[in-house]
Structure formats: structure tokens, C-alpha cells
**Student:** 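Have a look at the structure that comes next, please.
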Amino acid sequence: ETFFGYATLQEGNEFQLYRYGSSSSYWLKINNQGPGPVNLDISDGRCHTVCTAWESQTGGWAFYVDGEVVASGSGLATGHVIGTGGVWILAQEQDSFGGGFDGTQAYTGDLSCFNVWDSVLSPVETVNSHGKYARGGNVFDWSSNAWTLHGDVSVSDNQCDALRSVTMSASSWWDSTSTPDKGVLDFQETAELAGAWVAGQRDLHPWLMVDLQRTYIVTALITQGRNYCPCWPWRIHENWVTSYYVTYGVHDGDEITYSDDDGIVLNFSGNSDRDTLVRHELSAYSGLITARYVKFHPLEGHIAMRAGVVVRSVGEPVGWWPLDEAHGARDATGSGNDGIAEGTQLAEGPAGPGSQSFLFAGNSTSYIEIPNNASGKLDVRYSYTILAHIYPTGDSGPLFQYGRTEWGVHFWQLGDPLVFFNRPVDRNGDLKEPPTAV
């Protein structure tokens, strides 16, 4: 079955990834050449991030699965230049340019976050470049919706952006069949292993903790109940947690309790069946969090669960406005916080000729307004970083101002000599002493 293929008029297998039948042998082809089968053990009923990379100079190639290099080599189509004017087809092999499909070679399953770059990414970058809020490829960007669906293709919510490469721990477990490692999303029950983490019988304060191995920005929580297999030798079970709360931190899972603006602990609805993924976007509650550890505290239901989180890299911006002709005032992250420009014009950018910027006239009718849309990702709670290339030609004025009412975050330039100051305002409307820089 074929995952994707890029064909040109000159070569039908210019760039292709496929496997034979239901085996775990995957084949990469560049210019109809390949390194041979690569074993990828990913047919386990769980979502995985799979990346293949190639570069022309040495013919170097690699496969990454969930951010880990699983196979690599060199000498593949060395010196070849990928042809232009081709067609990308997902889930079918092109036996002719843009067609010639064979149903026996078609892919069956879910596919999401297909992105293409014109450079080789590192393993860590492949993990950080998937998911709902990730920045897409510069050759093909999944978030652009620049595709056409054909035939029996259904569109559903993407649940594959949850980070699966995690370490799990827990307050207790029922026995050796239901240890914390069974608490990862999509874990499947067998005759010997329970289909979820199950708390110990006398545990009055049970918890299941996700260790992300490093600090991320957590954007969503996902839970499942306990999977059931008819092969399970004991009685039929229907076990799931119906509500829970979370604590989190950078150093451990108990630093901060996720609460509302008044400090009241927020409880999340859990599951009502075994396997449905129940997802909560944190932007709909008290905002995103920065954490390495996220601890799930069951409140009600039979204490058996699988859990995970959706993340993006700490370095990924919540908003990115290139301010050039191609993007205008749009938010290039795809988060939807697109700006509206008034009284501005294009000018030469910070990199000199060939780059672009927006020129502001320095009057009341020259500005860009950026609304904070329903996702709420611009409404940061605990920290922020603002970066911009600037070339001031006036004496004073605001570079950036964010506020829910009258005041918010101020980033200004003032006077002669030029002074920059950044003043935050807390959620009670109290102004803070601004740091300044000359």
C-alpha cells in the first residue's frame, strides 16, 4: 500500500513511500531507486509520527519514528535533483502521471499532518513539526488545506497529535498486568496485559502521571477508558474514569494545580465508554501550560484509564506575522489570529533588498489590529516573549499593545535618546513597573 507518491512527467516514482501488504517492511524510492526494505514496527493500533528524509549531495537518507532514528544510510540517488512540475498523491500509487491507480496498492487508515520541507529536519524537529498548532512544511503545508479529496475519503477530528513517546508513572497499580506503562493512549488489552492502568485497591488518592522527558507547551488533555479484549481470561469489564483534575510542573507533577482565575480547581469530564478519545483543549479553559510532568487525578468512576497530552515546542510561537506581501497581516502559524492592516505600505525588510516589511505612517490611522480569536492562544497567563525586527524613524509611540479592556501588555519606544520599555498589567488591572532599555 502506498502512503504518498510524487510523480513527474519524466518519472512516476520520483519520490514515494509504500509497504507490501500488511508487513512491517517499508520502502522509500527516490528517482525509482531505493535502499531496500526498512522494518518499521508501527502496526500496533496507535498513532505514530513517521518521517523520511533524503539529501542529494551524499544520497543520505533516514527514517524517523516518533522522533527517533530507526534506519539511515547513504548513496541513494546521489546527485539527483527532484524534478519540478510534479503531482503529489496521497494513499495511491501513480502508475501514470496523476493517475493509473490500482486498488490493491491503495492505503487504508488514518493520515494527518502531511508536510513537506526542502531541507533535512533533525529527529527532534520532526516531533515538534506535527500536530494541530505546528508550523507546516515550506513545500507543502497540511494546515493550508491545499488538497482535493477524491472517492471514499472521510474527514474526522485528528487525534494523532497527542505525544505518544512518554514515560508513565502512578500512585499504585492493581497488579503486574495493569502497571502505569499500560496507561498510554491506545494501549490494547491482551490475555496477559490489562487494557489500561488500574489503580491499587486501597489507593485513596490515585494518580497517573505523564513524563514528557523535556519541557513542552501543553495544549490539550486526552483520556480513554480501559480497552477490552475477549481474550482477557477474567470477567468482562467496563472501566473508565468519568472526571479528573490535573497538576503539572517542570520539576515534578505537583508544582501547580490547573485552576481558574479565582484559584478554583478545574475538573474535566472524563470518559463514558472504553475507547473513545475524550479531548479538552486548554485554550477553552485557563490557557495553555508549560510542563514536563502532567499528573491526572481521577475523581469519579472505576479508576482505570489511559491518558496523554498534546504538545508543541516551547520555541513554537503562538502567533507569527511575517508582514510581507505573501502573508499580508495574516498569522502564519495557522492559529487564525489574522491581523487587519490600516494605513500601511510595503517597504524593504530587515535583510535588505528582496526582503519586506510594513511601513507605518506614525498617525492615528496607521496600525494593524490583531484580534484574539476563540482559541485564546494570545491570552498568555504566566510568561511571554515578544520578538520583532524594527527600524524606528519617529521619536515615540507604541510598537505593540495587547489588552482585554483598556490596558494590557505595552511595548513602546519613547523620546530622545530612544528608550524602549515593556510594561505588563496583571489580571486585576494593576500596572507593573516597566523595565526599560536605552
Side-chain angles (χ1 to χ4, degrees), residues 45-47 157 159-164 166-212 218-249 252-254 256-260 264-282 284-286 289 291 293-311:
R46 300 170 59 195
C47 294
D157 290 338
Q159 301 288 5
C160 286
D161 52 356
L163 189 61
R164 261 67 176 183
V166 297
T167 300
M168 309 295 284
S169 60
S171 55
S172 66
W173 46 93
W174 188 270
D175 57 28
S176 61
T177 70
S178 54
T179 49
D181 55 306
K182 315 306 185 297
V184 295
L185 291 174
D186 301 318
F187 188 84
Q188 302 295 296
E189 189 163 88
T190 69
E192 294 82 25
L193 302 175
W197 160 72
V198 183
Q201 187 173 10
R202 294 181 176 84
D203 192 345
L204 300 180
H205 304 286
W207 52 262
L208 176 67
M209 186 167 73
V210 177
D211 178 359
L212 301 171
V218 179
T219 66
L221 310 172
I222 302 179
T223 59
Q224 289 175 294
R226 177 179 172 178
N227 177 253
Y228 174 69
C229 176
C231 63
W232 183 248
W234 311 108
R235 63 182 178 84
I236 296 175
H237 54 74
E238 294 185 338
N239 306 149
W240 50 81
V241 171
T242 57
S243 65
Y244 64 91
Y245 72 95
V246 296
T247 57
Y248 63 94
D252 60 56
D254 296 314
I256 304 172
T257 301
Y258 194 80
S259 308
D260 65 14
I264 299 174
V265 176
L266 287 171
N267 296 336
F268 295 91
S269 59
N271 297 84
S272 58
D273 60 28
R274 295 182 178 118
D275 294 311
T276 300
L277 292 156
V278 174
R279 176 171 177 148
H280 294 283
E281 299 289 344
L282 294 183
Y285 296 89
S286 291
I289 60 176
Y293 303 93
V294 180
K295 185 179 288 187
F296 293 75
H297 299 263
L299 293 172
E300 297 177 304
H302 193 290
I303 310 305
M305 71 186 309
R306 293 170 286 172
V309 297
V310 180
V311 302

**Student:** Do side-chain atoms of Thr177 reach the backbone of Asp175 as a donor and acceptor pair under 3.5 angstrom?
**Tutor:** no
**Student:** For the backbone of Phe187 and the side chain of Arg306, can you confirm whether one donor and one acceptor N or O come within less than 3.5 Å of each other?
**Tutor:** yes
**Student:** For Glu281 and Ala220, which heavy atoms make the closest approach, and how far apart are they?
**Tutor:** OE1-CB, 3.7 Å
**Student:** With side chains defined as the heavy atoms from C-beta onward, is the minimum distance between Leu266 and Ser259 less than 4.5 Å?
**Tutor:** no
**Student:** Answer yes or no: is there a donor N or O on one side and an acceptor on the other, between the side chain of Thr223 and the main chain of Ala307, under 3.5 Å?
**Tutor:** no
**Student:** Under 6.0 Å between ring centres, would you say that holds for Tyr285 and Phe268?
**Tutor:** yes
**Student:** Walk me through whether Val198 and Asn239 qualify under side chain to side chain contact (heavy atoms under 4.5 Å, CB included).
**Tutor:** CA-CA 9 Å; Val198 183; Asn239 306 149; 5.6 Å; no
**Student:** Just how far is it from atom NE2 of His297 to atom CE of Met209, taken to the nearest 0.5 Å?
**Tutor:** 9.0 Å
**Student:** Check whether any side-chain N or O of Asn271 sits under 3.5 Å from a backbone N or O of Thr276 as a donor-acceptor pair, and report yes or no.
**Tutor:** yes
**Student:** For the atom pair CG (Asn267) and OH (Tyr245), what is the distance rounded to the nearest 0.5 Å?
**Tutor:** 9.0 Å
**Student:** Do Asp203 and Ile303 have side-chain heavy atoms sitting under 4.5 Å apart?
**Tutor:** no
**Student:** Would you compute the distance between atom CG of Asp273 and atom CD of Glu238 and round it to the nearest 0.5 angstrom?
**Tutor:** 9.5 Å
**Student:** Between Tyr258 and Val294, is there a side-chain heavy-atom distance shorter than 4.5 Å?
**Tutor:** no
**Student:** My understanding is that only residues two or more places apart in sequence, or in another chain, count here; which of them pass side-chain contact (heavy atoms from CB on, under 4.5 Å) with Ser269?
**Tutor:** His280
**Student:** State, with a plain yes or no, whether a side-chain heavy atom of Thr257 is found less than 4.5 Å away from one of Thr247.
**Tutor:** yes
**Student:** For the backbone of Pro298 and the side chain of Glu300, can you confirm whether one donor and one acceptor N or O come within less than 3.5 Å of each other?
**Tutor:** no
**Student:** Might you point out which heavy atoms bring Trp240 and Gly225 nearest each other, and give the distance in Å?
**Tutor:** CB-CA, 3.7 Å
**Student:** What heavy-atom pair brings Ser178 and Trp173 nearest, and what distance separates the two atoms?
**Tutor:** O-CB, 3.4 Å
**Student:** Rounded to the nearest 0.5 Å, what separates atom CG in Leu299 from atom OG in Ser243?
**Tutor:** 4.5 Å
**Student:** Is it the case that the side chain of Ser171 and the backbone of Trp207 share a donor-acceptor pair, with hydrogens and angles ignored and the cut-off at 3.5 Å?
**Tutor:** yes
**Student:** Identify the two heavy atoms, one from Leu208 and one from Ala170, that lie closest to each other, and give their separation to 0.1 Å.
**Tutor:** CD1-CB, 4.2 Å
**Student:** Please list every donor-acceptor pair under 3.5 Å in which a side-chain atom of residues 227-235 meets a protein atom from a residue at least two apart or in another chain.
**Tutor:**
unit_1: Asn227; atom_1: OD1; unit_2: Glu189; atom_2: N; d: 2.9
unit_1: Asn227; atom_1: ND2; unit_2: Asp275; atom_2: OD1; d: 3.1
unit_1: Asn227; atom_1: ND2; unit_2: Asp275; atom_2: OD2; d: 3.4

**Student:** Between Val210 and Phe296, is any pair of side-chain heavy atoms under 4.5 Å apart?
**Tutor:** yes
**Student:** So how far is it from Arg226 CZ to Met305 CE, rounded to the nearest 0.5 Å?
**Tutor:** 14.0 Å
**Student:** Does any part of the side chain of Val218, heavy atoms only, come nearer than 4.5 Å to the side chain of Leu212, both counted from C-beta?
**Tutor:** yes
**Student:** Hey, are the side chains of Leu185 and Ile222 touching, using non-hydrogen atoms and a 4.5 Å cut-off?
**Tutor:** yes
**Student:** Would you give the length of the straight line joining atom CH2 of Trp174 to atom CD of Gln201, rounded to the nearest 0.5 angstrom?
**Tutor:** 4.0 Å
